[in-house]
Amino acid sequence: MTAHFDSKTETIQTGLQNIQGSLNSLCEQISELEQRVSSNEDNVDDLTKRVQTLEKENAYLKDKVEDAENRNRSSNLRFIGVPEKSEGRDMIVFMNKMIPLLLGCENFSTMPVIERAHRTPIFGSNARSAPRPILVKFLHFQDKVKILRLARAKEVLTYSGTRIHIYPDFSAGLVKKRREFDAVKKILRAADIKYSLLYPCTLRVTVDGKPKLFRCPEEADLFVKTLPSSPLI
Amino acid sequence: MTAHFDSKTETIQTGLQNIQGSLNSLCEQISELEQRVSSNEDNVDDLTKRVQTLEKENAYLKDKVEDAENRNRSSNLRFIGVPEKSEGRDMIVFMNKMIPLLLGCENFSTMPVIERAHRTPIFGSNARSAPRPILVKFLHFQDKVKILRLARAKEVLTYSGTRIHIYPDFSAGLVKKRREFDAVKKILRAADIKYSLLYPCTLRVTVDGKPKLFRCPEEADLFVKTLPSSPLI
Amino acid sequence: MTAHFDSKTETIQTGLQNIQGSLNSLCEQISELEQRVSSNEDNVDDLTKRVQTLEKENAYLKDKVEDAENRNRSSNLRFIGVPEKSEGRDMIVFMNKMIPLLLGCENFSTMPVIERAHRTPIFGSNARSAPRPILVKFLHFQDKVKILRLARAKEVLTYSGTRIHIYPDFSAGLVKKRREFDAVKKILRAADIKYSLLYPCTLRVTVDGKPKLFRCPEEADLFVKTLPSSPLI
């Protein structure tokens, strides 16, 4: 009887010892895992900081690259609406004739020096029947400024019966940023308030003879809502 | 007997309870670990997306930076083969004499305006006995274009007995990209087919009077393999 | 008795089996966790490499962007000390008068072409009573070089009684890098040794008629410490 009993409990004790052994090895596995997870967490923390730094740097680099892009274009103008093929063989010769015709020969006793002039390509789904814009790079920044000033003073420009528009040449990113002021500009025009969009993208509004500067559309929006003449009120 | 038996099973029961306790604490440790691993996985997923965005941005930034680099060089030419020291003290004065001598005085009733001119440094293992290239920055883009055109028309240029080559000034990255078309260009020359490598890096091939554009060497490669005159067939 | 004993050990056996079951499921949980941790480690390793690549790329991009920034400014000069409002309405007209007055009319038989000229804005806490610097962008790089050379030769420049300084126009990053040579430059001046800081940021020291180039302040520092005339010895 006792022998039977002892053999039974001995089997149980062996079972318990095996289980204890398994538990010990599980404990070791788990503490090893805990170390790996900890070092993973540390690595992820380190990476997160480095990625944050990279994100800040990229925001800075994108600004600088866009600025460089727009500086490269600072002496350029875009002429919109010039019928295709009217330029003949030499675009520079053509633009040297068209600019005084458009803006008054009396304003061009000395001609602006044109470095390059060509139609800008139309990409993708933008393909339309409208003539492609003509991009002109002037040697002198002041010639660009003068032509833009004359164009604004004349308001309506026509060349052989078609209406021509002249714009500065901004990067796609800057065009988008400037367009965000469109709604505010519309309200200012309706309220007969003078404004200009300074380079690169600051709205200057003249109120009671004093200039106010708005660096983002949200600020300008808050301002126009306070106008007694605002159509929103 | 029963007392002996009861005390034995009691010990076993205590052992079982201890094991159960250990199991419970292991379960807790594991579920805690699972939470940490889950949050690590989430953080890694988040980082992966941010790194992907950064990689896309960097590809864009590298393109823009290379483009800016090449625009800065758009009015530059490299003159290769001019013997060292032939320039004397003033490189600009020297180049103003050499260019008409090289390409015909009759083509330069007005002289190109040179902004800068200097030997480019030779880096590292490239140090050789060959003269260092001369880099010339012109004020006017059109002067660069004209000189390149005259140089191509003359084919062989010589200055005081030595052969001179004139190349546009591209960034190292763009030079590498343009060289990838070398094998295709060789086949086109052998097949007597007209081509030109447009800026920045597009091969233009004229087939039956019509232009074909290839933006990568692989596409151009497929095309030349279809040529009846291809030496590959 | 045996029945009592058997029922007791049976309960224990059931307990052991339950525990074994729990152990098995824990083992499964742990090996699943190990796989997740392993794949996390792999992902973190992959991310670490990609972040390292991005960091290298960003260092390259920052260099290129700073280089482009300084090339954009390569024909610019900063005029420091010109009293506010002395320029009247047109800064370009004003600078065209001031430059020959400052540096000698005899040196300007042909006038430098000024592309742009304006006061640079003062940011943040820098707001002082001192006049804002005037930034002038010349069309020709050589005009900038000539004006800087004349200014250095004259040493003291005065315009209507006030002292004027003329500096090249560097990016903030480059100004900072160049300033790191200030301590060494002071020692060289004290030791009456000729030096110049080459663009972008290399110190050139003339020793026994031979030029020595130092690309970082540390190298230059080691050099000045070997000077017999060094005030540090």
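Small disclaimer: the values here were computed from a predicted structure and weren't measured. Labels below follow one simple rule: chain letters A, B, ... track the order of the sequence lines, proteins then strands, and each chain is numbered from 1.
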*Below 4.5 Å from any heavy atom of chain A, which atoms of I12(C) appear? Answer side chain, backbone, both or neither.*
side chain
*If we only count heavy atoms from C-beta on, is the V113(C) to H140(A) side-chain gap below 4.5 Å?*
yes
*Measure the CG-CD distance between D67(A) and E69(C) for me, rounded to the nearest 0.5 Å.*
7.5 Å
_Which portion of N18(A) sits near chain C, non-hydrogen atoms under 4.5 angstrom_ = neither
*Sort N40(C) into side chain, backbone, both or neither according to what part of it lies under 4.5 angstrom from a heavy atom of chain A.*
both
*Atom group of Q52(C) that falls short of 4.5 Å from chain A, counting heavy atoms*: both
*With respect to chain C, which residue among K8(A), R36(A), E57(A) yields the maximal number of heavy-atom pairs within a distance under 4.5 Å?*
R36(A)
_Nearest 0.5 Å, please: how far is CD1 in I30(A) from CG in L26(C)?_
6.5 Å
*Mind checking the CG-CD spacing from L54(A) to E55(C)? Nearest 0.5 Å is all I need.*
5.0 Å
*Which bit of V65(C) comes within less than 4.5 Å of chain A, counting heavy atoms only: side chain, backbone, both or neither?*
side chain
*Which heavy atom of I19(A) sits nearest a heavy atom of L23(C), and at what distance?*
CG2-CD1, 3.8 Å
_Has Q142(A) got a side-chain atom pairing as donor or acceptor with E115(C)'s backbone, closer than 3.5 angstrom?_
yes
*How many angstroms lie between atom CG of N58(C) and atom CG of N58(A), to the nearest 0.5 angstrom?*
4.5 Å
*asked:* Tell me if the CZ atom of R78(A) is crowded by more than 12 foreign heavy atoms within 6.0 Å.
replied: yes
_Interatomic spacing from CG in L47(A) to CG in N43(C) - rounded to 0.5 Å_ = 11.0 Å
*For the residue pair R50(A) and T48(C), confirm or rule out a side-chain donor-acceptor distance under 3.5 Å.*
no
*Please round to the nearest 0.5 Å and tell me the distance separating atom CG of L16(C) and atom OG1 of T11(A).*
10.5 Å
*Check whether S31(C) gets within reach of chain A through its side chain, its backbone, both or neither, counting any heavy atom under 4.5 Å.*
neither
_Verdict with supporting geometry, S74(A) and R116(C), side-chain contact (heavy atoms from CB on, under 4.5 Å)_ = CA-CA 11 Å; S74(A) 64; R116(C) 307 198 206 180; 3.0 Å; yes
*CD (E10(A)) with more than 12 external heavy atoms under 6.0 Å*: no
*Taking everything shown except D192(A) itself, do over 12 heavy atoms lie less than 6.0 Å from its CG?*
no
*Sort L139(C) into side chain, backbone, both or neither according to what part of it lies under 4.5 angstrom from a heavy atom of chain A.*
side chain
_Toward chain A, the part of E66(C) with a non-hydrogen atom under 4.5 Å_ = neither
